[in-house]
Structures are given as structure tokens and as C-alpha cells.
Amino acid sequence: MKALHFGAGNIGRGFIGLLLSESGYDVVFSDVNETVIRALQERGSYEVKIADESEQRIPVNNVSAIDGRNAAVVAKEVASADLITTAVGVTTLKHIAPGIAAGIKLRMEFGGPKLHIIACENAIGASTQLKEHVMKLLSVQEQETAATLIAFPDSAVDRIVPMQHHQDPLEVTVEPFYEWVIDRQQMFNDAHEISGVHYVDDLIPYIERKLFTVNTGHCSTAYAGYRKGYSTILEAVKDEEVINLVYGALQETGSMLVEAYGFKEEEHEEYIRKIMNRFRNPYLSDEIVRVGRSPIRKLSPEDRLVRPALKAWEQGGVTEHLARVMALALKFDYSEDLEAVKLQELIAEKGVRQAFADISGLDLSHELTQSVIDAYKK
């Protein structure tokens, strides 16, 4: 079996590629980083290091790579793959769609078997978004045929893979914990199951639980830590004031999730504590500026701060800590992050209330907007 994976970065190699390999797939990575492509082609293997006291190294064999800029090669690999996955960032999905569409056309020409394409991104409905990008590039007749052969099941992925710097371009360190959940309802019945994946009939609760606990908690730690001058997440979580803010924000998202999806309160509380302990892993030292980057995206209507805060507010819940985190996100002014620079320019040009309203999609007079502005001024 062959899996084509778009994105040979740390998440691609350290998480998705590893699980695919353990499930019996030969993995072909598609990327644009020439150094990584060449190393994968020359070696055909790499190791994944687990960030705990064991420092276990897991070999990943039978891998190769192609240049994602070579449209003909990408299309050929898509046409012959048994499974396709991505870990490129949700904003990059539209850029890989043409190669996938061309490959699907080739696949239909020679009558290839059914195929699953799974986008493993930090976004709700990422595979569905990729499907929309791909289908726009097919004719109506091709779309009808593709619908019987190609499925795009949505998924939720969770594994902390920190920023890391190694002499070896293929070396990658990941935390021990991982979770990969796939929507079974969007799959063909005879699908080969991936080892370590949890298949569910309703994915949305799992996606939102992960996004509004792991991602909300991680960026909350980053923005609070940045304001206090810390460099790493590990430094920030040693600060009681930071921890209290993050825990408070996760209590607010947690109450919303319990109310919305029926999670058991005590089980979700345990989930929160497990996530916060992951941030304290002494073998991981993620950079605050990496976790906090792209504040405009993180403050957008469907992302990890505004969406849970608005849903909590609609339930009549508390949003005090989430408002404070959003205010801290507005203060994120790291000069080497393009979105942070643009955010500060918007605030200078329009004022903080208008800038926040434009980014978040909330009305200027919304109660949440007012709470964020009050916290910003403090």
C-alpha cells in the first residue's frame, strides 16, 4: 500500500507519516523544501524521537519524497496512491488542490480504485475545505464521477510538535501523547483502517474539544507568557498568574463543550488537566512566538478564541478569562510575525475596537467586544 502525504514538516514526519508507516503504508512525502526532499530520497528512512524520559527513537522506513512543485509528478502519485493525507496548514490547501485534481483526472482515466483524502489540519472541516478547492477544478461530469470514487473524510489531529532546530533535516521530536480522530460517516465502507486512529460517527464534538482545549490553552499560554516577557511555553507555565488565566479560559470553554455536546463534566475536567500537564512536559520547549504567531487568524470568527467565547456567551456562560486572552492576543506585537505586524497596523489605523470587530466578526457594540476592549485597556 502507498500513502501520499502532502507536507514533510515536523507534523507530517513526526505524527501522520509515522502512523501511516506503522499501518503498513510506504509513505511518499510531497513538499517544496529541497533539503528535506533530497534527504528523504537519499535515505528512504528517518527516526522519530519521543519527548519523555525514555527518549525512545522510532524508525520510519520505506519512505520517499517528491517535489510538490512538479505538477506532473504530483498528479502521477495522486493517481496511484491508496491513501492521501495532508499536514500543510489550512491556508495552503488551495495550493495543493490543482495537483490533486489533476491526479484524480488521471485516476478516473484508468479506472483506479476508491480513494480517501484526509486533511490533517488545525481547522474545522479541513477535508471538506480541500474537497471544495479540488472540485472547483473539475468539470461537472468529472465531479459526478469523482463523488463515487473519492471521499474526503474530516478529521481532528492532536500532537504537540514544537519548533526545533537540528543539524539533521529529518530529525524530529514529538510528545508521547497523540490523537487522530476520523469521521467514519464520510468514508467508504471497505476502507483500510489506520493504526492508532479513532473512528467516530460524529466528529464535531471531538474537533471542538481539541481546538477549544489544546489550541485555546496553548495560545492562551503563549499570549500571557509573551506579555510577561517569557521565551518558551515551559517558562510561562511556571508562572502561577499565567496558569490561572489559562485554566480559567479552559474552564469557560469546557463548560460550553459540556453543555453543547454532553461530555461528562468530570471526564472533561480530567481532559483539561491532562492537556495542561502536556504543556508542562520538561522535554518539550516550544517557543512562545511560534505558538502565538498569526494572531489575526487565531482571532477570526471560527477559530480557537472567538468561536468558543461566542458559543459560551450564547449559552449564558462566563467568558471573563477568554476576553482577557483575546485582549492579550491584540497586544501580540512580535516584529518577525507578519500577522502580528499587520494587526498592530490595523489597531493604529482604526483603533482597537474597530480592528477587533473587523477581525472577529463581532459587532462593535457586542458584549464580548466590550469585554475584550475593557481587558485590553487594563
Side-chain angles (χ1 to χ4, degrees), residues 1-31 33 35-66 68 77 81-89 116 118-122 155-182 191-199 206 210 214 218 232-234 274-275 277-287 290-291:
M1 298 184 298
K2 182 180 74 175
L4 173 62
H5 178 80
F6 287 86
N10 291 335
I11 294 174
R13 300 194 318 279
F15 182 9
I16 308 303
L18 170 62
L19 264 63
L20 294 178
S21 176
E22 291 180 337
S23 298
Y25 287 96
D26 292 346
V27 183
V28 178
F29 289 96
S30 175
D31 205 273
N33 185 316
T35 302
V36 172
I37 293 169
R38 191 180 309 111
L40 286 167
Q41 289 173 339
E42 292 174 353
R43 299 186 208 173
S45 66
Y46 62 91
E47 288 187 337
V48 176
K49 180 181 176 181
I50 304 300
D52 62 10
E53 62 278 1
S54 74
E55 296 189 340
Q56 178 187 10
R57 290 182 175 272
I58 304 172
V60 181
N61 299 310
N62 300 316
V63 301
S64 59
I66 60 171
E77 292 292 344
D82 296 295
L83 173 69
I84 295 176
T85 53
T86 81
V88 295
H116 291 97
I118 308 171
C120 307
E121 315 290 349
N122 274 329
S155 76
V157 290
D158 181 13
R159 186 170 220 173
I160 296 176
V161 182
M163 180 68 75
Q164 43 201 283
H165 308 283
H166 306 292
Q167 286 187 333
D168 181 350
L170 298 186
E171 184 172 339
V172 58
T173 300
V174 301
E175 68 165 335
F177 177 92
Y178 71 84
E179 184 177 57
W180 186 1
V181 186
I182 297 178
H192 174 77
E193 293 198 351
I194 303 166
S195 175
V197 168
H198 182 40
Y199 294 88
Y206 293 90
K210 185 266 177 175
V214 181
H218 217 197
T232 68
I233 295 295
L234 196 56
K274 180 188 294 183
I275 299 309
N277 283 333
R278 290 166 63 195
F279 299 159
R280 296 186 179 99
N281 185 340
Y283 298 90
L284 292 174
S285 187
D286 217 346
E287 297 173 2
R290 188 198 76 85
V291 179

Is the backbone N or O of Ser195 less than 3.5 Å from a side-chain atom of Ser23, with the two atoms forming a donor-acceptor pair by type?
yes
What is the distance from atom CD1 of Ile84 to atom CD of Glu77, rounded to the nearest 0.5 Å?
9.5 Å
Non-hydrogen atoms of Ala3 and Leu20 that approach each other most closely:
CB-CD1, 3.9 Å
Which pair of heavy atoms, one from Ser45 and one from Leu170, lies closest together, and at what distance?
O-CD1, 3.8 Å
Mind listing the closest non-hydrogen atom pair of Ser30 and Leu4 along with its distance?
CB-CD1, 4.2 Å
Option among Glu47, Arg13, Arg57 that satisfies the side-chain contact (heavy atoms from CB on, under 4.5 Å) test with Glu171
Arg57
Closest approach of Thr85 to Cys120 (non-hydrogen atoms, all atoms of both residues)
CB-SG, 4.4 Å
Once you measure the plane-to-plane angle for Trp180 and Phe15, does it fall in the parallel (<30°), tilted (30-60°) or perpendicular (>60°) bin?
perpendicular
Given Ile233, Leu234, Thr232, the one that forms side-chain contact (heavy atoms from CB on, under 4.5 Å) with Asp286
Ile233
Option passing side-chain contact (heavy atoms from CB on, under 4.5 Å) with Arg159 (candidates Ile11, Ile16, Val174):
Val174
Around Phe279, counting heavy atoms of other residues, nucleotides and ligands shown, do more than 12 lie under 6.0 Å from its CZ?
yes
Are any of the side-chain heavy atoms of Val63 and Tyr46 separated by less than 4.5 Å?
yes
Would the distance check show the side chain of Glu175 and the main-chain N or O of Ile160 forming a donor-acceptor pair, the cut-off being under 3.5 Å?
yes
Kindly write out the residues that satisfy side-chain hydrogen bond (donor to acceptor under 3.5 Å, both in side chains) with Lys274, not counting sequence neighbours, or none if the list is empty.
none
Is it the case that the side chain of Glu179 and the backbone of Asp158 share a donor-acceptor pair, with hydrogens and angles ignored and the cut-off at 3.5 Å?
no
Asn281 and Arg278: side chain donor to acceptor below 3.5 Å
no
Without swapping roles, check the side chain of His5 against the backbone of Gly7 for a donor-acceptor pair under 3.5 Å.
yes
Do Lys2 and Tyr25 touch side chain to side chain, with heavy atoms closer than 4.5 Å?
no
Ignoring hydrogens, what is the shortest heavy-atom contact between Pro176 and Asp52? Give both atom names and the distance.
CG-OD2, 3.7 Å
Please name the pair of heavy atoms, one in Thr173 and one in Ala51, separated by the smallest distance, quoted to 0.1 Å.
CG2-CB, 3.7 Å
Using a distance-only test with no angle check, is there a side-chain donor-acceptor pair under 3.5 angstrom linking Glu121 and Thr86?
yes
Could you state the interatomic distance from CD (Glu53) to OH (Tyr283), rounded to the nearest 0.5 Å?
5.5 Å
